[in-house]
There are 2 protein chains.
Amino acid sequence: MSRTLPPLNALRAFEAAARYESFSRAAEELGVSHSAISRHVRGLEARLGVHLFRDASRGVALTAEGAHYLARITPAFDVIGEATEGLADAPAGRVVVNSEPVFAAKIVVPLMAKFQRDLPDVELRLVGSNDLADLDRYEADLAIRYAKTGRLNEPSDLLSDAPIYPFAAPGYLRDDVLRPEHLTEVPLLRDRGPNIWIDWTAHAGFDVDVPDPPWRMRAALALEMAVHGAGVYLGASDVTHLDETAGRLVRVSDVGFRQGSFHLLTSGQAGRRKAVRSVRAWLLDHTTALRSG
Amino acid sequence: MSRTLPPLNALRAFEAAARYESFSRAAEELGVSHSAISRHVRGLEARLGVHLFRDASRGVALTAEGAHYLARITPAFDVIGEATEGLADAPAGRVVVNSEPVFAAKIVVPLMAKFQRDLPDVELRLVGSNDLADLDRYEADLAIRYAKTGRLNEPSDLLSDAPIYPFAAPGYLRDDVLRPEHLTEVPLLRDRGPNIWIDWTAHAGFDVDVPDPPWRMRAALALEMAVHGAGVYLGASDVTHLDETAGRLVRVSDVGFRQGSFHLLTSGQAGRRKAVRSVRAWLLDHTTALRSG
DNA sequence: CATCACTTGTGCAATTTATGCACAAGTGCA
DNA sequence: TGCACTTGTGCATAAATTGCACAAGTGATG
C-alpha cells in the first residue's frame with residue numbers, strides 16, 4: 001500500500017477555497033477564520049511544491065494545476081460526504097440516550113423488552129446521569145432532561161408533565177392517608193432541589209411549617225427510601241407508576257399539582273440519522289399517557 | 001453547500017483499519033501507534049453513531065455498515081492520492097533551492113537566464129543562506145551545501161570540487177604574482193572557517209607564519225573585498241570563475257590544492273516531483289566543468 | 001490448566017496541529 | 001484620498017493527535 005495522502009484538513013481548506021476562489025468565503029463555509037484557510041493553503045502549496053493559486057486583485061485565482069486538482073478532489077469529497085450521510089440512512093446502529101436517572105430507571109428500563117421487539121436493529125444505550133450530556137460534543141444522541149419549571153431553553157419534545165402527589169409504602173400511614181400531623185412526624189422525601197413540600201401543603205390547605213431536613217438526595221434515592229418504608233415521597237406520578245402497579249407504593253392524598261416536566265432533546269447532528277429518529281418517535285409514542293392535553 | 005465531512009484524519013485511520021481488519025496493521029501503515037488508531041476509530045463510531053467494527057478474537061471484523069462504508073471511502077481516497085501524485089508528474093511548479101550564498105551568487109545566478117529558457121515552466125526560487133534548510137520539513141526542495149572535508153553524511157550529488165587558489169584584483173600585486181613577502185603585507189582573505197592559508201603556504205613551500213586576522217567573514221564578503229582591491233582571496237576557483245572571466249580577478253599563483261566541495265541534496269518527498277528532478281538534472285548538467293574526474 | 005502471543009482499550013501526559021486576534025500590506029473604486 | 005475588501009503573518013492559545021505503560025480478553029500450545 002503505497003498511497004500517500006496530503007494533510008487532509010489542509011486539503012479540505014484548499015477545496016473550499018478553490019471552489020470560491022476566495023479564502024474568506026471558504027472560511028465562512030468551514031466556520032474558521034480566513035487566516036486558518038490561508039495558512040492551510042499556503043502550507044499545502046509549500047508541501048506539494050506547486051502553485052495552486054495565483055494572486056488576483058480580489059481574492060485568489062486558480063492556476064491550471066490548481067483547477068485540475070480541484071476537478072479531481074471535489075468529486076472525491078462528495079463521495080465521502082455522501083457515504084457518510086448514507087450511514088445516517090441506515091435503520092440500524094447504536095443510539096445513545098442520556099437520561100435523568102429516575103426517569104431511566106422507572107420509565108425507560110421497563111420498556112426495554114418492548115423496544116427490543118419493536119426496533120431489533122437498534123442498539124439502545126441508556127446512560128442514567130444527572131450530568132448534562134453535551135449533544136454538540138457527540139456524548140449522546142438523545143437526552144431526557146427534567147425542567148423544574150416551564151420549558152427548556154433548547155428545542156425539545158415534552159415527554160411528561162405528570163402531576164406531583166405524595167406516595168408511601170402501603171401501610172406506612174394509617175389508612176394510607178397523609179394527615180397534617182404526619183408532616184412533623186415522618187421523613188418527607190423529595191428530590192434535592194427546592195422544597196416542593198411547601199408548595200404541596202399550600203395546595204392541601206395544611207397550615208404547617210414543613211421542616212427542611214439537613215440532608216439532600218436525588219429523586220431516585222428518595223423514591224427507593226419511600227418504597228422501603230422510610231418516609232413519604234413527594235414527586236411526579238410518572239416515575240412512581242411502576243411501583244404503584246406493583247403494589248410497593250400507594251398515593252396517600254388526592255391533592256396534587258403540576259410543576260416540572262421531562263423533555264426529550266435530540267442532537268442536531270445525530271438527529272438526522274434514521275435510527276435516532278426511530279428511537280425518538282418510539283419514545284414519544286410510548287409516553288403519551290404521561291402528558292396532559 | 002451542505003456537505004459535511006467527518007474528521008478526515010479519523011476517516012483515514014478507519015479506512016486503513018478496515019482494509020486490514022486490524023488496528024495494529026493499520027498503525028504500521030500509517031506510522032502511528034495502535035492506540036491512536038483505536039481512538040480515532042472509536043471516536044468516529046461514536047460521532048457517527050454506528051458500529052463500523054465488531055470484536056473478533058484476533059483483531060476486529062467489519063460490520064455490514066462498515067464494509068459498505070469502506071467500499072465507498074477507499075476509492076475516494078485513491079482518487080485523492082492519485083490526484084496528489086499527479087501534481088508531482090507536472091513538469092511545472094515552484095522549486096525551492098537553498099544554497100550556500102557564494103555558490104548562489106557566483107554560479108547559479110549567472111545561469112538563471114539560461115535556466116529560464118531551458119525550463120520555462122519551472123519557477124526557481126533561490127534562497128542564499130548559510131542556515132541549513134530542513135528538507136524533511138519542506139523548507140526547500142534542493143539544497144546546495146559546502147563540505148569542508150570529504151563528503152556529506154547524507155546522500156548527495158557532487159556539484160563541484162574545484163581546487164583552491166589565491167586570487168586578487170588585476171594590478172593589486174606586482175606582476176599579479178603572489179610572493180612570500182606579500183603574506184605579511186596584505187590582507188589574506190578567506191572564508192571564516194579554519195585558516196586555509198596555512199595549508200596553502202605549505203603547498204607553495206613558503207616558510208612563513210601566516211597572521212590570523214582578528215576578524216571573521218564569510219566567503220561571499222571576502223570575495224567581494226578581493227574584487228575591490230582590498231586583499232588576496234584564497235578559495236575555490238569555481239566561485240571565482242565569473243569574476244576572472246570578467247577581468248575583475250586574476251589568479252596570482254599556480255599553486256593550488258583540493259579541499260572541500262559543494263554538494264546537491266534532494267528532498268526525499270519533493271524529489272519525486274518531475275519539476276524537482278528536472279532542476280536537479282539541469283544543475284548537474286551545467287556544473288560538470290566544476291568537477292574533477 | 002498454565003503460559004504465551006497477539007490484539008484492542010484507556011489513563012495520563014507530551015507533542016503537534018489548528019486556530020484566532022490584531023495588525024499590515026495591497027488593490028480597486030468613488 | 002479614503003474606504004471596502006482581500007490575503008499574509010507574528011504571537012499566543014486551544015484543540016487534536018499521539019505515545020507510553022498498563023490492563024483485559026482470546027485462542028493456541030504444551
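Both backbone and side-chain heavy atoms feed into the values below; hydrogens, waters and symmetry mates do not. Letters go in sequence order (proteins before strands), and every chain restarts at 1.
An OP1 or OP2 oxygen of C/dT19 is reached within less than 4.0 angstrom by a side-chain nitrogen or oxygen of A/N9. For D/dG25, the OP1/OP2 oxygens have no side-chain nitrogen or oxygen of B/S57 closer than 4.0 Å. For A/R42, a side-chain nitrogen or oxygen approaches OP1 or OP2 of D/dG8 to under 4.0 Å. OP1 or OP2 of C/dT19 lies within a sub-4.0 Å distance of a side-chain N or O belonging to A/H40. Side-chain nitrogen and oxygen atoms of B/S33 include at least one within less than 4.0 Å of the OP1 or OP2 phosphate oxygen of D/dG19. Put simply, A/S38 has a side-chain N or O that comes within less than 4.0 Å of OP1 or OP2 on D/dG8.
With B/I144 as the fixed residue, the side chain to side chain contact (heavy atoms under 4.5 Å, CB included) test singles out one of B/L264, B/I107, B/N98: B/L264.
For A/R39 against C/dG20, a side-chain N or O and a base N or O form a donor-acceptor pair under 3.5 Å.
Taking atom CG on A/L30 and atom P on C/dG20, their separation rounds to 11 Å, with Å as the unit. D/dT17 atom P lies 11 Å from atom CZ of B/R12, rounded to whole Å. Across the protein-nucleic acid pair, B/R54 atom CZ and D/dG25 atom C1' stand 17 Å apart, rounded to whole Å. Rounding to whole angstrom units, CG of residue B/L8 and C1' of C/dA18 are separated by 14 Å. Rounded to an integer number of Å, the gap from A/D55 CG to D/dC5 C1' is 14 Å. Between the CD atom of B/E21 and the C1' atom of D/dT26 there is a distance of 17 Å, rounded to whole Å. Taking atom CZ of residue B/F23 and atom P of nucleotide D/dT17, one finds them 15 Å apart after rounding to whole Å. Across the protein-nucleic acid pair, B/R58 atom CZ and D/dT26 atom P stand 12 Å apart, rounded to whole Å.
Comment: B/K106 does not engage B/E100 in a salt bridge, judged by the lack of any side-chain N to carboxylate O separation of less than 4.0 angstrom. With respect to the salt-bridge test (charged N to carboxylate O, under 4.0 angstrom), the residues B/E29 and A/R3 do not qualify. The pair A/R42-A/E45 meets the salt-bridge criterion, since a charged nitrogen lies less than 4.0 angstrom from a carboxylate oxygen.
Listed nucleotides C/dT8, D/dT18, C/dG20 differ in distance to A/A36; the shortest reach to its side chain belongs to C/dG20.
Between A/H34 and A/A56, it is A/H34 whose nearest contact on DNA chain C lies nearer the 5' terminus. In terms of position along DNA chain C, the nucleotide closest to B/R25 lies nearer the 5' end than the nucleotide closest to the other residue of the pair B/R25 and A/P7.
B/R47 places no side-chain N or O within donor-acceptor distance of the main-chain N or O of B/P6, the cut-off being under 3.5 Å.
Using a 4.0 Å heavy-atom criterion, one finds that A/S35 contacts the bases of the nucleic acid, with or without backbone contacts as well.
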